[in-house]
Structure formats: C-alpha cells, structure tokens
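Working notes, beginning with the structure itself.
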Amino acid sequence: MSRYILAIESSCDDTSAAVINDDFICLSNITASQKVHEIYGGVVPELASRAHQQNILPVVEVALKEAKIKKEDLSAIAFTRGPGLLGSLLVGVSFAKSMAQGLNIPIIDVNHLDAHVLAHFVKDSIEQKVPLFPYLCLLVSGGNTQIIRVNADNDMQILGKTIDDAAGETIDKAAKILSLPYPGGPHIDRLAKQGEPKLNFAKSHIGGYDYSFSGLKTSILYTLRDLLKENPKYIEENLEDIACSVQKAVVDSLLSKFEKALKDTKIKTIALAGGVSANSLLRERFQQIGEKYNCKVFIPKFSYTTDNAAMVGVCGMFKYLRGDFADISLTAYAR
Ligand code: KG4
C-alpha cells in the first residue's frame with residue numbers, strides 16, 4: 001500500500017502545501033504567493049504571518065483534492081521548522097501539529113535549506129532521474145549562498161558560505177536602486193537579456209570557498225551614484241546594461257568559487273538550488289561548467305526553485321522511511 005505525506009512550507013512569504021508518495025512522486029504542489037509585500041519593497045513579517053493564517057487551510061484543501069488523497073490516507077505530515085520568519089513558521093508548525101494530532105499520525109520536521117538542496121528528488125514521473133550521492137550543490141536563495149557537499153540526504157557538509165549578504169539579497173538590493181519592483185531578481189533577469197555587461201563592479205576577494213557580496217553591493221551603489229552625478233537620467237537610459245552588468249557580476253562571483261570547489265573535490269554530479277537558480281544566465285553557465293568537468297548536472301524546474309512544499313515533502317519522505325519523527329512538543333526556529 002502506498003504511503004502519502006502532506007508537506008507544508010510557510011517559512012517566508014509563500015504558503016505552500018504538497019502531497020508526495022513513497023516513490024517521491026509529487027501528486028500536488030500548491031502555492032499561494034503573498035502580493036501584500038510588493039508596495040513595501042520587501043517582506044513585512046507581521047503581514048506575512050497573517051496572510052499565512054488566511055491561506056493555509058484553502059492551500060492544504062486544494063493540495064489534497066488535486067492529489068486525490070483523503071486526509072485519512074495520509075501517513076505523516078512534514079513541515080518546515082526553520083530557518084525563516086518565526087511568525088510565518090509558527091503558522092505552518094501549529095497547523096501541521098494540530099492536523100496530525102487530529103489524524104493520529106506522526107509529524108516530521110524539515111530544515112528549509114535541506115529541502116532546497118534535496119529538491120532534485122521531487123519526481124513528476126517514476127522514470128525521472130535523480131542525483132547520485134555525493135553531489136556538489138550550489139544553494140543560492142534570497143537569504144543564503146552556500147556550497148554544499150551532499151553525501152546523503154542526512155549528511156550535508158557546508159564547504160563555503162557567504163560571510164555577509166546573500167546573492168539574492170544583492171540582486172534585490174540592486175533592483176531596488178533601479179526602482180524595480182520587489183523581488184527584483186526576475187526583473188534583473190528579464191532586462192539583462194536586452195543589455196550588455198558594460199559596467200565593471202568591484203568584487204570581494206576572500207580566501208577559500210566562502211563568499212562575500214557586501215563589497216559588490218557597495219560598488220553598485222557608488223558606481224551608479226557617480227554616474228548619476230554626470231547624467232541624472234543615467235539609470236533610465238541604461239537600465240538594461242546596468243541589469244546585465246549586475247547579473248554578470250553576481251553570477252561570475254558565484255561560479256568562480258563553485259568551480260574551485262568542484263576542481264578540488266572532483267565530484268562528478270553537480271546541482272543548483274534555491275530561488276536564484278531561476279536565473280537564466282546562472283542556469284546556462286552552470287550547465288557549461290558541468291560540461292567542462294564532465295559532470296551530471298541537475299537544475300530544478302522553475303516551480304521547485306523558489307519556496308515550495310514539494311521539496312519539504314521529499315525531505316519528509318526520506319525521514320519517514322527512516323522512522324525519524326518529531327515530538328509534538330517541538331517548535332519553530334528562526335535561525
Ligand atoms: O529561495 P528563495 O525563495 O528565497 C529564500 O528562501 O530565501 O529565493 C528568492 C530569491 C529572491 O532574491 C529573488 O529575487 C531571487 O530568488 N530570484 C531571482 C530570479 N527569480 C527569483 N534572481 C535572479 N534571477 C531570477 N530569475
């Protein structure tokens with residue numbers, strides 16, 4: 001008899017629910033995005049948790065309906081425990097705990113970053129290929145930039161990480177300077193396609209596999225400030241070239257460290273994860289690195305790059321199959 005897990009993700013500003021079976025096939029993956037933050041240019045935590053409260057029940061109902069699964073057929077409920085916004089996480093955690101108690105089934109806590117890294121195991125069909133361990137993962141989301149050696153689903157070694165800002169944060173900040181809507185990543189990507197990388201920004205050079213994006217962020221700000229002094233219309237007249245230059249600077253930084261780690265570890269499978277992996281230049285250049293080093297390359301479908309419950313579900317299924325359940329007394333953690 002098949003086993004089914006209901007997964008819930010509510011770590012930031014997306015309320016998502018998914019149903020995953022024990023072949024890791026995603027039967028449904030429903031996400032309600034919150035538009036309420038757009039006018040503020042960033043996520044407002046209090047508004048996010050209130051929106052999660054409104055969204056969670058309909059999202060779960062639609063996920064079960066689309067998967068054609070009755071709640072009585074569920075074997076367990078998996079949920080994102082952290083890291084993320086505490087108020088947002090608490091909505092998902094409390095919902096999962098109470099629903100599981102009502103159904104008398106176990107709960108499974110999932111780390112949000114592990115879920116991004118294991119998103120490659122979400123299957124849409126039984127034939128779909130998944131990575132073999134170990135693989136080297138470049139995790140680039142709004143709040144995190146990490147190079148991870150994934151030895152097993154429960155054995156991940158962080159080889160490098162950002163010591164200050166994340167890549168996504170840097171792109172979003174640049175987009176804000178350009179007066180683009182939040183989140184800026186997709187707008188920078190779209191505009192960059194029509195531009196040339198004419199501007200050179202100063203990049204940070206730190207040793208090892210760690211990243212630093214604060215220098216690049218400052219350089220973007222100061223370079224544009226100086227250019228605006230010469231021509232107050234500089235941004236509106238050169239929007240595409242600026243976007244293209246920002247995108248190139250971030251992608252160059254991301255991939256130079258990743259390539260170094262790949263050369264040193266000699267791992268033959270590479271994977272991209274996190275919201276910024278939706279970026280078209282990053283996807284293209286990541287594929288090229290894979291070809292250069294003769295690696296198997298895994299790049300997630302767009303729907304599994306940003307926050308989604310399907311990735312939480314596969315993490316949950318790995319844990320379910322090991323009998324690794326959480327205690328009902330457990331609560332969310334922000335960091
Ligand atoms: O993984 P995610 O949802 O955030 C966290 O969980 O932290 O990723 C969101 C980030 C934002 O910074 C957004 O601007 C960026 O992913 N992003 C992109 C693109 N689509 C989303 N960045 C560059 N190019 C894109 N196409």
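When reading the values below, keep in mind they use all heavy atoms of this one structure, side chains included, and skip hydrogens, waters and symmetry mates.
Checking each of Asp307, Thr305, Asn144, Thr306 against His116 for a side chain to side chain donor-acceptor pair (under 3.5 Å) leaves exactly one that passes, namely Asp307. Tested against Phe24 for a ring-ring contact (aromatic ring centres under 6.0 Å, His included), the candidates Phe318, Tyr320, Phe121 yield a single pass: Phe318. Across His120, Gln287, Glu284, a single residue satisfies side chain to side chain contact (heavy atoms under 4.5 Å, CB included) together with Ile299, and that is Gln287. A side chain to side chain contact (heavy atoms under 4.5 Å, CB included) with Leu6 is found for one member of Val60, Ile69, Ile20, Asp73 and no other, namely Val60. With Arg50 as the fixed residue, the side chain to side chain donor-acceptor pair (under 3.5 Å) test singles out one of His52, Gln54, Glu46, Gln53: Glu46.
Proximity of Tyr209 to Asp264: side-chain heavy atoms (C-beta onward) are separated by under 4.5 Å at one or more points. Counting only heavy atoms from C-beta outward, the side chains of Cys12 and Val43 approach each other to under 4.5 Å. Looking at heavy atoms from C-beta onward, Ile148 lies out of side-chain contact with Leu159 at the 4.5 angstrom threshold. With a 4.5 Å cut-off on side-chain heavy atoms, Met156 and Asn151 do not count as touching. Side-chain contact check for Ile77 versus Ile5: every heavy-atom pair is 4.5 Å or farther apart. Arg285 has its side chain within reach of Asp252: a pair of non-hydrogen atoms, C-beta onward, lies under 4.5 Å apart. Side-chain contact check for Tyr211 versus Ile147: some heavy-atom pair is nearer than 4.5 Å. Residues Thr15 and Glu9 are not in side-chain contact: their nearest non-hydrogen atoms beyond the backbone lie 4.5 Å or more apart.
Taking NZ of Lys319 as the start and CD1 of Ile107 as the end, the distance is 10.0 Å to the nearest 0.5 Å. For the atom pair CD1 of Ile56 and OG of Ser94, the computed distance is 8.5 Å after rounding to the nearest 0.5 Å. For the atom pair Lys71 NZ and Leu64 CG, the distance stands at 8.5 Å (nearest 0.5 Å). Within the model, atoms OG of Ser49 and CG of Leu85 stand 8.0 Å from one another, a figure rounded to the nearest 0.5 Å.
No donor-acceptor pair under 3.5 Å is formed between the side chain of His112 and the backbone N or O of Pro83. At distances below 3.5 Å, at least one donor-acceptor pair connects side-chain atoms of Asn238 with backbone N or O atoms of Tyr234. Gln101 places no side-chain N or O within donor-acceptor distance of the main-chain N or O of Ser98, the cut-off being under 3.5 Å. The main-chain N or O of Ile163 is never found under 3.5 Å from a side-chain atom of Asp210 such that the two would form a donor-acceptor pair. Side-chain N or O atoms of Ser219 include none that pairs as donor or acceptor with a backbone N or O of Phe201 at under 3.5 Å. Put simply, the side chain of Asp241 gets close to the backbone of Glu196: a donor and an acceptor are under 3.5 Å apart. Under a 3.5 Å cut-off, the side chain of Arg81 and the backbone N or O of Thr331 do form a donor-acceptor pair. Under the 3.5 Å distance criterion, the side-chain polar atoms of Asp22 are left unmatched by any main-chain donor or acceptor of Ser2. The main-chain N or O of Cys244 is never found under 3.5 Å from a side-chain atom of Gln194 such that the two would form a donor-acceptor pair.
A cation-pi contact links Arg225 to Tyr222, judged by a cut-off of 6.0 Å to the six-membered ring centre and 45° from its axis. Remark: Arg283 qualifies as a cation-pi partner of Phe302 under the 6.0 Å distance and 45° angle criteria applied to the six-membered ring.
When only modelled atom types and interatomic distance are considered, Asp165 and Ser214 share no side-chain donor-acceptor pair under 3.5 Å. For the residue pair Tyr304 and Asn29, no side-chain donor N or O sits within less than 3.5 Å of a side-chain acceptor on the partner. A side-chain N or O of Asn279 and one of Gln247 form a donor-acceptor pair less than 3.5 Å apart.
Among residues two or more places apart in sequence or in another chain, the side chain to side chain contact (heavy atoms under 4.5 Å, CB included) test is passed with Ser28 by Val19, Ala63, Glu66, Ala67.
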Audit row: Lys301, Asp124, side chain to side chain contact (heavy atoms under 4.5 Å, CB included) steps and yes/no: CA-CA 10 Å; Lys301 266 179 40 176; Asp124 292 324; 2.8 Å; yes
Test salt bridge (charged side-chain N to carboxylate O under 4.0 Å, His left out) applied to Asp153 and Arg322, step by step: CA-CA 11 Å; Asp153 68 277; Arg322 271 202 306 276; 2.7 Å; yes
Phe286 vs Leu272, side chain to side chain contact (heavy atoms under 4.5 Å, CB included): CA-CA, chis, key distance, verdict: CA-CA 8 Å; Phe286 197 77; Leu272 199 55; 3.8 Å; yes
Full working for side chain to side chain contact (heavy atoms under 4.5 Å, CB included) between Leu191 and Ile242: CA-CA 9 Å; Leu191 290 164; Ile242 304 168; over 6 Å; no
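A ring-centre distance under 6.0 Å is not found for Tyr40 and Tyr182. With ring centers used as reference points, Phe95 lies 6.0 Å or more from Phe79.
Taking all atoms of both residues into account, the shortest heavy-atom contact from Ser16 to Thr31 is OG-OG1, 2.9 Å. The shortest non-hydrogen separation linking Gly274 to Ser141 is CA-CB, 4.3 Å. What you find for Val276 and Leu282 is that their closest heavy atoms are O-CD2, 3.8 Å. Taking all atoms of both residues into account, the shortest heavy-atom contact from Gly316 to Ile108 is O-CD1, 3.4 Å. Annotation for His187 and Pro181: closest pair CD2-O, 3.6 Å, computed over non-hydrogen atoms. Closest approach of Val312 to Ile8, counting heavy atoms only: CG1-O, 3.9 Å.
Other residues, nucleotides and ligands place more than 12 heavy atoms under 6.0 Å from the NZ atom of Lys123.
In this structure, Ile105 is not a member of the same hydrophobic cluster as Phe325, with clusters built from ILVMFWY side-chain heavy atoms closer than 4.5 Å.
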